[in-house]
2 protein chains.
Amino acid sequence: MLTALGDPTRQAILESLSDGPLAVGELAADLSSSRTISRPAVSQHLKVLKEAGLVIDEQIGTRRLYRVDPEALRLVREHLDHFWERSLSSFQRRVASDTTEKRPRDE
Amino acid sequence: MLTALGDPTRQAILESLSDGPLAVGELAADLSSSRTISRPAVSQHLKVLKEAGLVIDEQIGTRRLYRVDPEALRLVREHLDHFWERSLSSFQRRVASDTTEKRPRDE
DNA sequence: ACTTACGGTAAGTTAGCACTTACGGTAAGT
DNA sequence: ACTTACCGTAAGTGCTAACTTACCGTAAGT
């Protein structure tokens, strides 16, 4: 899931979609304001994002609306939280042992 | 920064480092328990992670200890939070307008 | 000074990925 | 039925990023 978030274009796609659902063509037009990206390319990125569970699609007539799945973002956030807390606690343990080693009876 | 997190090997490196600081050789040995990764490859990944600000290094004798920067993880988390909140609010707005459209005078 | 340990880096190779073009398929409008 | 709009996908290409091998520098121990 983090791997799917690695590509800058896909990050831009999610950024656009986070403002609200968009069809594929609209997305391509929206992204072309900054980068130059073809519609098929957008389609392929959406496929990756969908398989990663970051995006949900819904067919409406000939159009196909894509929206971000808030639940997926919550999962990524939780995952990073684990990282963060573990590294933070190990960091604090290190600092604590440092001070006790250097100042055994400080207070 | 998210782009640097995209590579699976770098994710594994951060996972190992989140348990505590490690030297390059130790990291390579630790990762070889699951994947097969050479020491130079680890070095190159650490360079990317360092340039992305996700990792901090410290020279101790001939060894070089790497640790994750908790502050960087906090930044990534905040970035995702923005995404999450925006997509969530747009989602809620959509739900709200749907219900008001379908049940204009409900409740 | 010699050796050993440790790790960064240059050079070269390869696999994969992002992209374009071209095509086909479906839904709605006339 | 024909046309138009919209989109997914197959096929092919180019580039880049991840990897290995080889080499060099530095720090500490003898």
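So that the names make sense, note that chain A is the first sequence line, chain B the second, and so on, each numbered from 1.
When heavy atoms are screened at a 4.0 angstrom cut-off, B:R35 is found touching no nucleic acid atom at all.
Across every strand in view, D:dC23 sits in a pair with C:dG8 that passes the Watson-Crick or G-U test at under 3.5 angstrom. A 3.5 Å limit on both hydrogen-bonding distances identifies D:dG12 as the Watson-Crick or G-U partner of C:dC19. Across all strands shown, D:dA1 is found opposite C:dT30 as a Watson-Crick or G-U wobble partner, with both distances under 3.5 Å.
Here C:dC6 presents its P atom at 12 Å from CG of B:L65, a figure rounded to the nearest Å. Atom pair B:E26:CD and C:dC6:P shows a separation of 9 Å (rounding to whole Å applied). With rounding to whole Å, B:I13 atom CD1 is found 14 Å from C:dG7 atom C1'. Regarding A:E58, its CD atom lies at a distance of 17 Å from the P atom of D:dC6, rounded to whole Å. Whole-Å rounding puts the A:Q59 CD to D:dC7 P distance at 9 Å. Rounded to an integer number of Å, the gap from CG of B:L46 to P of D:dA18 is 13 Å. Following rounding to the nearest Å, B:L27 (CG) and C:dG7 (C1') show an atom-to-atom distance of 12 Å. One atom, CG of B:D7, and another, C1' of D:dA17, lie 9 Å apart when rounded to the nearest Å.
The residue from A:D69, A:L17, A:V48 that alone fulfils the side chain to side chain contact (heavy atoms under 4.5 Å, CB included) condition with A:V55 is A:L17.
Look at A:S43 and you won't find any side-chain N or O under 4.0 angstrom from OP1 or OP2 of D:dC6. For C:dG8, one of the phosphate oxygens OP1 or OP2 lies less than 4.0 angstrom from a side-chain nitrogen or oxygen of B:Y66. Phosphate contact (OP1/OP2 of D:dA17, side-chain N/O of B:H45, threshold under 4.0 Å): absent. For A:S38 and C:dA18, the shortest distance from a side-chain N or O to OP1 or OP2 is not below 4.0 Å.
When all heavy atoms of A:L65 and A:A23 are compared, the closest pair comes out as CD2-N, 3.5 Å. Pairing each heavy atom of B:A4 with each of B:A52, the nearest pair is CB-CB, 3.7 Å.
A single hydrophobic cluster is seen to contain both A:L2 and B:L54, as judged by linkage of ILVMFWY side chains at heavy-atom distances under 4.5 Å, directly or through other members.
Residues A:T62 and A:R39 each lie close to DNA chain C; by heavy-atom proximity, the contact nearer the 5' end of the strand is made by A:R39. For B:R63 and B:K47, each mapped to the nucleotide of DNA chain C holding its nearest heavy atom, the one lying further toward the 5' end belongs to B:R63.
Here the side chain of B:V24 is nearest to one of D:dA18, D:dT21, C:dG7, namely C:dG7. The side chain of A:P40 has C:dA22 as its nearest neighbour among D:dC19, C:dA22, C:dG8.
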Check against side chain to side chain contact (heavy atoms under 4.5 Å, CB included), B:V68 and A:F83: CA-CA 9 Å; B:V68 302; A:F83 265 99; over 6 Å; no

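For A:Q44 against C:dT20, a side-chain-to-base donor-acceptor contact under 3.5 Å is present.
Within the 4.5 Å cutoff, the side chain of B:L27 has no heavy atoms near those of the B:I37 side chain.
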